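Here's the structure, in structure tokens; my notes come after.
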Amino acid sequence: MAHKVTLIPGDGIGPEVTRATVRILEATGVKIDWEMVNAGASAYEKTGEYIPKELIESIERTGLGLKGPITTPIGGGFASINVALRRKFELYANFRPIKSLPSLPTRFPDVDLVIVRENTEGEYSGIEHEVVPGVVEALKIITEKASTRIARFAFEYARREKRAKISAIHKANIMKMSDGLFLRCCRDIAKEYPEIPYAEHIIDNTCMQLVMNPYQYDTLVMENLYGDIISDLCAAFVGGLGLVPGANLGDGCAIFEAVHGSAPDIAGKDMANPTALLQSAVLMLRHLREVEAADRIYAALEKTYKEKKHNTRDVGGTSGTTEFADAIIENMEAVAVVS
Ligand code: ATP
């Protein structure tokens, strides 16, 4: 039976990387029944809504989404569309594996980090107001419920995947109450997983330590904004934002999307690297237990980077999005024959 998946192409480079990813997924032979409904700026132009009702209904039906990046207007009155979707479907865990592709040389080889980012609150609560002219107050919300839930997610993942350790990243020396509560929740949960080494690190030092030696970390759990920033930093270890996948996970619903944004500077030019969304789709296939197809795409990705002939510009090549996708599809046939 075909899997039902809501497809949200997004804005900027979204439609290009989505098209490439869908072509590759279809070439695996896995049957997917796509329900395509857009959100964001392009949806607004057509429907007058940033998050059309049809999109909500579709995700409610499928419980599964593959999503391109969506532009959030800066300043202005509209809160983030991504954040709104994550909240609406209670996708409380943002899971971002940062794993080197062995065939793509980078400054640090064999990086294997996992970022678990709280996805529903923190500075992203979007509660800001002007107290008096010239003074604005923004509320960072940290709750015991969300902190415990994300800590539990990280430890469960670490236990299942036999990860080496968990580091909780914070700034509790300054934000004593909010980050203090986050840490207390992590500590409490850590006690239930005595076999997993647990440590706490301050965010600013963590950034320096990561750049000096990323191998000293393994799985990092943190609140929303820190996760956003650390994800971009860690993307650099494996070749940049064009590579890193992500999953927004809740109970009974999941939306897979790349870490990068809509990259308006290169939109519409067939220049974007579709690897990040493709790797997100590989995570989705694993979630759907389509392991063979996931492995085949990953092997073709490896082979394509090893050949170095079809790399996109962000990783030192000259190829376009379409040519890169064509090479992956061709290599999928090659790796299928070999295996
Ligand atoms: P946001 O704040 O919306 O999450 P961001 O900070 O992740 O966005 P992006 O718009 O994703 O920023 O990208 C920053 C830069 O990285 C872009 O200007 C672009 O040059 C590059 N980039 C991002 N994604 C890709 C990609 N898939 N392929 C090639 N280059 C990319």
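All of these numbers come straight from a predicted model, not from anything done at the bench. Both ligands and their constituent atoms are indexed starting at 1 by order of listing. Hydrogens, waters and symmetry mates are skipped; everything else that's a heavy atom, side chains included, is used.
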(request) Report the C-alpha distance between H3 and L64 in whole Å, list the side-chain angles of each, state the deciding distance to 0.1 Å, and finish with yes or no for side-chain contact (heavy atoms from CB on, under 4.5 Å). (result) CA-CA 9 Å; H3 304 287; L64 198 56; 5.5 Å; no
(request) Examine the side chains of T62 and E35 and answer whether a donor and an acceptor come within less than 3.5 Å of each other. (result) no
(request) Please identify each residue that fulfils ring pair (Phe, Tyr, Trp, His ring centres under 6.0 Å) with Y44, with sequence neighbours left out. (result) Y50
(message) Assess, by modelled atom type and distance only, whether the side chains of T206 and Y226 contain a donor and an acceptor separated by less than 3.5 Å.
(response) no
Without placing hydrogens or testing angles, list every side-chain donor-acceptor pair under 3.5 Å for residues 233-247, not counting sequence neighbours.
none

Contacts table for ligand 1: protein N or O within a distance under 3.5 Å of ligand N or O, distances only.
unit_1, atom_1, unit_2, atom_2, d
ligand 1, 7 (O), G261, N, 3.2
ligand 1, 10 (O), A263, N, 3.0
ligand 1, 11 (O), G261, N, 2.3
ligand 1, 11 (O), G261, O, 3.4
ligand 1, 18 (O), D265, OD1, 2.8
ligand 1, 18 (O), D265, OD2, 2.8
ligand 1, 20 (O), D265, OD2, 2.9
ligand 1, 27 (N), H260, NE2, 3.4
ligand 1, 27 (N), N273, O, 2.9
ligand 1, 28 (N), N273, N, 2.9

(request) Not counting sequence neighbours, list each pair that qualifies as a ring pair (Phe, Tyr, Trp, His ring centres under 6.0 Å) and has a residue in residues 119-147. (result) none
